[in-house]
Protein chains: 2
Amino acid sequence: MIGGGPVAVTLDEVAEAAGVSKSTASRVLSGSSRVSAQTKRAVQSAAERLGYRPNRIASGLRTRRSNLVGLVITNLVNASFHRITEVLQQRLDERGYQVLLCVTDSDPARERRYLDMLLDHRVDGLIIVGTGDNTATVREVSAAGIPVVNLMRTPDGAPGDSVMAADRDGAELAVRHLLDLGHRSVAFIGGPAGVDSGRDRYAGFTAALATAGLEPDPALCARGPFTVPFGAEAAMRLMAADNPPTALYSANHEATFGVLGALVQLGVRVPEQLSLVCHEEAPWFPYWHPPITVVDNGARDLGELAAEQLLRRIDSRPDNGDPGEGGVGRLIRVGSRLVVRDSTTAPRRPE
Amino acid sequence: MIGGGPVAVTLDEVAEAAGVSKSTASRVLSGSSRVSAQTKRAVQSAAERLGYRPNRIASGLRTRRSNLVGLVITNLVNASFHRITEVLQQRLDERGYQVLLCVTDSDPARERRYLDMLLDHRVDGLIIVGTGDNTATVREVSAAGIPVVNLMRTPDGAPGDSVMAADRDGAELAVRHLLDLGHRSVAFIGGPAGVDSGRDRYAGFTAALATAGLEPDPALCARGPFTVPFGAEAAMRLMAADNPPTALYSANHEATFGVLGALVQLGVRVPEQLSLVCHEEAPWFPYWHPPITVVDNGARDLGELAAEQLLRRIDSRPDNGDPGEGGVGRLIRVGSRLVVRDSTTAPRRPE
DNA sequence: GTGCTCCGTGGGATCGATTGCACAGCACGG
DNA sequence: CCGTGCTGTGCAATCGATCCCACGGAGCAC
């Protein structure tokens, strides 16, 4: 047809076709109030016949609910984050909420712009893996009555609830495993102190050492960004020392790639010369040569619980007068678990 | 404060504070029509003072533009897809469009529900990595005047434009590389014939063989799902044969994990006993032992071009009378490139 | 028969922005 | 001095759904 533009069917037209008023049609289709069975049928068949699709924009304007949730995340490449994103999206969708995806690439300026934008879109909730540089803006979002869930990271002064990995416990688990195998010279490659996971994993590392009566050796600790090159460089330096470690705890999977590359380059055999634990699961670790022992931080559960917590807050919002104060920011910790594979073994020459 | 609910500032209030009418305030803030410099300043300062944030829902109702784009994708775990998603999101955001993320997990029922939902949200565009089971619904979307871009896959009868990887060429490139090294017994592990990339990569495989005067040996061809277990099982079977291949083309990175696991388990050394090419880059392939030769299908460009093409269609929509017919579905192919690393070498005993 | 409740339905205001139309004021040319 | 055109502004309709309020009629008790 010529000029047959994209004409959307409105509620009015459905109502007219069914011979009832707009109000009644609305009641039938949103199923709120009681309607006679006959009217119901008439409206439903009219809607179907005309191919009616409700306009969520109009509906959102009136009800002040967008059915949108903002997900502000630093990246998707990291193994945990894309898994978390998938789970989150699915759980939220099951309850009628859609995800507005915002990847910040850890850039505070982008993060800030996204937060403003999400405010403009009147999202019903916000899940954020934050850089920590925009807590003021996040507070604005929260103050606007929008529930906020901090995921993986809870910057100082951040409003809302938090769903966090048990980073400290996980690291302790991993390092104690190495100590139990008999290692005494355990190296640490981990993230910056400015990030929650960096700080907490280091704390777990030292805590485990302490239970064995050891103190961290500064020469065996490398702290820097969670990147492949950093891991490679750190591993190079550690293994080139006069007295190289017999075991290595690597706090992140990206860095671990760098480590593995460096080890191949140096000809260091795992686990014969070096036992290796990575604090983060990745789909290929079970297939590595050798399969890598890891700490699984429960990415699936993190996504699941973050979605659940947000939905809880959204649900309880219309009821009570003051929105967020009811729980004063709940903190949920997701347990970590050690998965022992073949990259860890007893040291060859116990000291 | 008690009872200080989340009161949003409206345009009316800004207008009143600035001493002008709603229309004028709107004109200033959306910068459409000419306004005197003085009024402009007054409105802008009032807006800033009150912390005004435009309500995109209301705006969307009036303008019939949601500034939302639906991204329907089978999963995020696959290396290419999360990279593509990141790039897409960034490019669309730069032009003022936000991404509504929908992960189908290749489930046609979920896909269908998402398409309906996106229609209800009145998205301004749709980018879809489709299952191929809902072309009718996608046509509805397109018929509603919403530009559609098919990504990676273009099911038969799909409306809209397509941005595709050069799967056939890429596979041919990879296999020719193996043939050039002297291999004559080249195995194929690839996807189902029902998926574009499965079909095209197989076509490239046979085409390359043909240039060397060879025909595909059914005993050396495994076709099945793009999964780790399938790759493992296929590799097991292929290498257990009386006359195992000297080279292997693996059409997908997930299957390649399985292959690598199986090879480790069987004690097959790469590349000494088997040369291996994977048709898909993954961040860890350069760090594998040995680093894996791959065909990079240009994920970054795929995202980039899909966003660009969609934006082009969105921009050209209000101008011309009939929405999509102007280009009758443009097909954009993104070039592939071979990255030679250490997993491929000449066969030990050329036949 | 009167008064009451309850049910199903319709009328119409409303959410917050955009935009066509009209009009006031001013400048300028004839 | 008047007509014409341009600029800046305001009025009010509009987008499409939701939902408060009111109303007619049925059923029932006294």
Side-chain angles (χ1 to χ4, degrees), chain A residues 5-44 46-47 50-67 96 119-122 124 144-145 318, chain B residues 5-44 46-47 50-68 96 119-124 144-145 318:
Chain A
V7 215
V9 181
T10 72
L11 193 59
D12 275 305
E13 306 177 58
V14 173
E16 193 181 341
V20 299
S21 77
K22 197 168 46 162
S23 326
T24 303
S26 170
R27 277 187 276 257
V28 171
L29 295 171
S30 48
S32 54
S33 172
R34 302 213 50 76
V35 199
S36 78
Q38 189 182 357
T39 324
K40 195 167 181 173
R41 249 179 294 114
V43 172
Q44 280 171 338
L50 298 176
Y52 171 73
R53 301 259 81 211
N55 184 329
R56 271 195 187 280
I57 297 187
S59 159
L61 176 60
R62 182 61 229 244
T63 60
R64 299 163 161 286
R65 317 177 90 261
S66 60
N67 288 296
L119 224 34
D120 296 351
H121 275 282
R122 299 297 191 267
D124 293 333
Chain B
V7 214
V9 180
T10 72
L11 192 58
D12 275 305
E13 307 177 58
V14 173
E16 192 181 343
V20 299
S21 77
K22 199 169 43 163
S23 333
T24 304
S26 169
R27 277 187 274 257
V28 171
L29 295 170
S30 47
S32 54
S33 172
R34 301 211 52 76
V35 200
S36 79
Q38 190 182 356
T39 328
K40 195 167 183 175
R41 249 178 295 117
V43 172
Q44 281 171 339
L50 298 176
Y52 171 73
R53 301 259 81 211
N55 184 329
R56 270 194 188 283
I57 298 187
S59 158
L61 176 59
R62 181 62 228 245
T63 61
R64 299 163 161 285
R65 315 176 91 260
S66 61
N67 288 296
L68 258 31
L119 225 35
D120 296 352
H121 274 282
R122 300 297 192 266
V123 291
D124 293 333

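If you're wondering where the values come from, they're calculated on a predicted model, not measured in any experiment. Just so we're on the same page: letters track the sequence lines, and every chain starts at 1.
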Query raised in the report: Between A:Glu13 (CD) and D:dC15 (P), how many Å, whole number?
Result: 11 Å
Query - Closest-nucleotide 5' rank along DNA chain D - winner of B:Val20 and A:Leu11 - result: B:Val20
Requested in this report: Can you tell me the distance, in whole Å, between the CZ atom of B:Arg27 and the P atom of C:dT19?
Outcome: 10 Å
Query - Interatomic distance, B:Lys22 NZ vs C:dC15 P [rounded to whole Å] - result: 10 Å
Query raised in the report: Over how many whole Å does the gap from A:Asn67 atom CG to D:dT18 atom C1' extend?
Result: 14 Å
Query raised in the report: Got a donor-acceptor contact below 3.5 angstrom from the A:Thr39 side chain to the A:Val35 backbone?
Result: no
Query raised in the report: To the nearest 10 degrees, what angle separates the axes at the start and end of the helix from C:dG1-D:dC30 to C:dG30-D:dC1, five pairs each?
Result: 60°
Query - Residues which pass side-chain contact (heavy atoms from CB on, under 4.5 Å) with B:Gln44, listed by chain and number, not counting sequence neighbours - result: B:Val28, B:Lys40
Requested in this report: Report yes if a donor N or O on one partner sits less than 3.5 Å from an acceptor N or O on the other, where the partners are the side chain of A:Thr10 and the base of D:dG16; otherwise report no.
Outcome: no
Query - N or O in side chain of B:Ser36 less than 4.0 angstrom from D:dT9 OP1/OP2 - result: yes
Report task. State whether the distance check finds a donor on one side and an acceptor on the other, under 3.5 Å, for side chain B:Arg62 versus base D:dG16. Result -> no
Query raised in the report: Atom CZ of A:Arg34 and atom P of D:dA26: how far apart are they, to the nearest Å?
Result: 19 Å
Query - Length of the CZ-C1' vector between A:Arg41 and C:dT9, whole Å - result: 17 Å
Report task. Figure out the CZ/P separation between A:Arg122 and C:dC15, and round it to whole Å. Result -> 14 Å
Query raised in the report: Listed by chain and number, what are the side-chain contact (heavy atoms from CB on, under 4.5 Å) partners of A:Ala47, not counting sequence neighbours?
Result: A:Val14, A:Leu29, A:Tyr52
**Report entry** Spacing of OG1 belonging to B:Thr10 relative to CG belonging to B:Asn55, to within rounding of 0.5 Å
**Finding:** 9.5 Å
Query - Distance in angstrom units between B:Asp12 CG and C:dA17 C1', rounded - result: 9 Å
Query raised in the report: With distance as the sole criterion, is a donor-acceptor pair present between the side chains of B:Thr24 and B:Ser21 under 3.5 Å?
Result: yes
Query - Sugar-phosphate, base or nothing in reach of B:Ser23, heavy atoms under 4.0 Å - result: base
Query raised in the report: For the base of D:dC19, is there a side-chain donor-acceptor partner from A:Thr63 under 3.5 Å away?
Result: no
